[in-house]
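In what follows, a single structure is set out as structure tokens and then discussed.
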Amino acid sequence: MNHFEYRGGVLCCEDVSLSAIADAVGTPAYVYSSATIERHYEVFKSAFAPRDVLVAFAVKANANIAVINTLANKGAGADTVSQGEIERALTAGVPPERIIFSGVGKTEQELAFAVQTGVHEINIESVAELETLSRIAWALKKQPAIAIRVNPDVGAGGHAKITTGQSDAKFGVSPEQALALYARAHADKHLAPKGLAVHIGSQIRDLAPLEAAFKVVRGMVETLRGQGLSVERLDLGGGLGVPYFDEPDPPPPSEYAAIVHRVFGDLDVKLSFEPGRLIVANAGVLLSRVIRVQDRTRPILVVDAGMNDLLRPAMYEAFHDIKPVREPSAPAQRYDVVGPICETGDTFARDRSLAPLQEGDLIGFMTAGAYGATMASTYNARDLVPEVLVRGDQYKVVRRRWTLAEQIALETVPDWQTD
Ligand code: LLP
């Protein structure tokens, strides 16, 4: 479900035409629908009702302050993996008690920042990290809430690069180690162990691996409680997939919630989730303009968005549907669609069936609201892509385009080169 549809022959985001945004803001630009973001959050959260769960939006999927704020206003928390993401979440109005701090490479400075901030929970990924955090907590005279991230040796996800739950992945500790670490954390007066965390992958289209991982966690809760250790919370991660094209829809949140209920329904424990893609992917498009059409046996559309703006096709062979902003009327033809970057990898689509397009026409890369702008760069000395948020008939540029002068101003030529 999303709020991008043709109205009067033009692709619109809610009540705003994408061509009006392109004319005013320029292209490429990301455009997000507030209504879609809010709807996805509500559908996910209410799937667990009457159980009250913490839905901590994975900021890595979309770190724009206005997007996070849209969710914070609905009561969402934030799942963060760096001090930068914690600061973004706080700036966007997410209270510390709804912020989860995850990630394998938290630095001492970042851990200290999270402890001082008083985040909801720090998810610990290794023995060494537990020791470091204990030392920091002692020095700061605090007792941070922690969970141990379990690696259940169940991998899942849409691509090898985004699978996290297999035993040779860098994430989490084995169930045996997690049990030992949890007991150790209980014995440490500087730490407040609250529970376990698990996340096995992203763009998951099959619920069976999730259920298998949850069962491992459930068994661990029983073991820990059997040892007299309290387990108050479980963080069940993110990962639910979204449809990127005309394929069978991934399981809806209601089916996912049914599995959660099946495995944990009788357990007195507070649940949290860290969905990213599910909330924002279909809430965003990358708006782009055709620069020119190269005349080949199969014509090549060269568009003004590049892999620096939307990395997913180059990095994961990801498929993004492409829609012309002007509603198609002529029969489709086949195109390759490429960006302007000097790499063959800068190819969005091969042999794609699209309505006839010409120089100057606008297109939208659909389902680009997750891991689009957050993974963008300035490669090839291009502008960092701007972002626009729509609500009803209003829109606002929520991250403006950096000027080249601003980028160049960050750089210095050493004295030895100019003397
Ligand atoms: N929690 C943890 C610990 C994670 O590692 C991730 C994603 C999430 C939550 C959110 O997962 P989601 O609900 O969005 O699937 N750049 C890749 C996706 C990388 C995901 C990494 N971890 C892409 O563009 O497909």
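First listed ligand is number 1; within each ligand, the first listed atom is number 1.
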Review point. Which is it for Phe171 and ligand 1 at heavy atoms under 4.0 Å: side chain, backbone, both or neither?
Key: neither
Review point. How does Asp79 reach ligand 1, if at all, at less than 4.0 Å between non-hydrogen atoms: by side chain, backbone, both, or neither?
Key: side chain
Distance (rounded to the nearest 0.5 Å) between [X] [atom1] and [Y] [atom2]:
X	Y	atom1	atom2	value
Gln203	Arg277	CD	CZ	5.0 Å
Glu38	Lys74	CD	NZ	4.5 Å
Ile148	Ile122	CD1	CD1	11.0 Å

Practice item. Ignoring hydrogens and angles, tell me if any N or O in the side chain of His186 forms a donor-acceptor pair with the backbone of Asp188 under 3.5 Å. Key: no
Check your understanding: With distance as the sole test, does Asp304 use its side chain to make a donor-acceptor pair with the main-chain N or O of Ser288 at under 3.5 Å?
Key -> no
Any nitrogen or oxygen of [X] lying under 3.5 Å from a nitrogen or oxygen in ligand 1? Just yes or no.
X	result
Arg149	no
Gly237	no
Ser102	no

Review point. So Phe264 and Phe214, would you call those rings parallel, tilted or perpendicular, with 30° and 60° as cut-offs?
Key: tilted
Check your understanding: Would Phe44 and His40 satisfy ring pair (Phe, Tyr, Trp, His ring centres under 6.0 Å), going step by step from the backbone distance to the final call?
Key -> CA-CA 6 Å; Phe44 189 84; His40 287 165; over 10 Å; no
Practice item. Using the ring of Phe319 (Phe, Tyr or Trp, six-membered ring only), decide whether Arg352 places NZ or CZ under 6.0 Å from its centre and within 45 degrees of its axis. Key: yes
Check your understanding: Within 45 degrees of the axis of the six-membered ring of Phe101 and under 6.0 Å from its centre: does Lys106 put its NZ or CZ there?
Key -> yes
Heavy-atom nearest neighbour in the protein, as seen from [atom], with distance rounded to 0.1 Å:
atom	answer
atom 8 (C) of ligand 1	His199 CE1, 3.4 Å
atom 14 (O) of ligand 1	Tyr371 OH, 2.6 Å
atom 19 (C) of ligand 1	Ile162 CG2, 3.6 Å
atom 21 (C) of ligand 1	Lys60 CD, 4.0 Å
atom 17 (C) of ligand 1	Tyr316 OH, 3.1 Å

Atom indices of ligand 1 within 4.0 angstrom of [X] heavy atoms, with elements:
X	value
Pro275	13 (O)
Gly238	9 (C), 13 (O)
Gly239	11 (O), 12 (P), 13 (O), 15 (O)
Ala58	10 (C)
Ser202	11 (O), 12 (P), 14 (O), 15 (O), 20 (C)
Gly276	12 (P), 13 (O), 14 (O)

Review point. Taking the six-membered ring where the residue is Trp, are the ring centres of His320 and Tyr244 under 6.0 Å apart?
Key: yes
Review point. Going through the checks in order, is the salt bridge (Lys or Arg N to Asp or Glu O under 4.0 Å) test met by Asp235 and Arg149?
Key: CA-CA 9 Å; Asp235 173 356; Arg149 178 163 174 183; over 6 Å; no
**Study point:** Identity of the nearest option to atom 3 (C) of ligand 1, non-hydrogen atoms only, from Glu274, Arg312, Met315
**Key:** Glu274
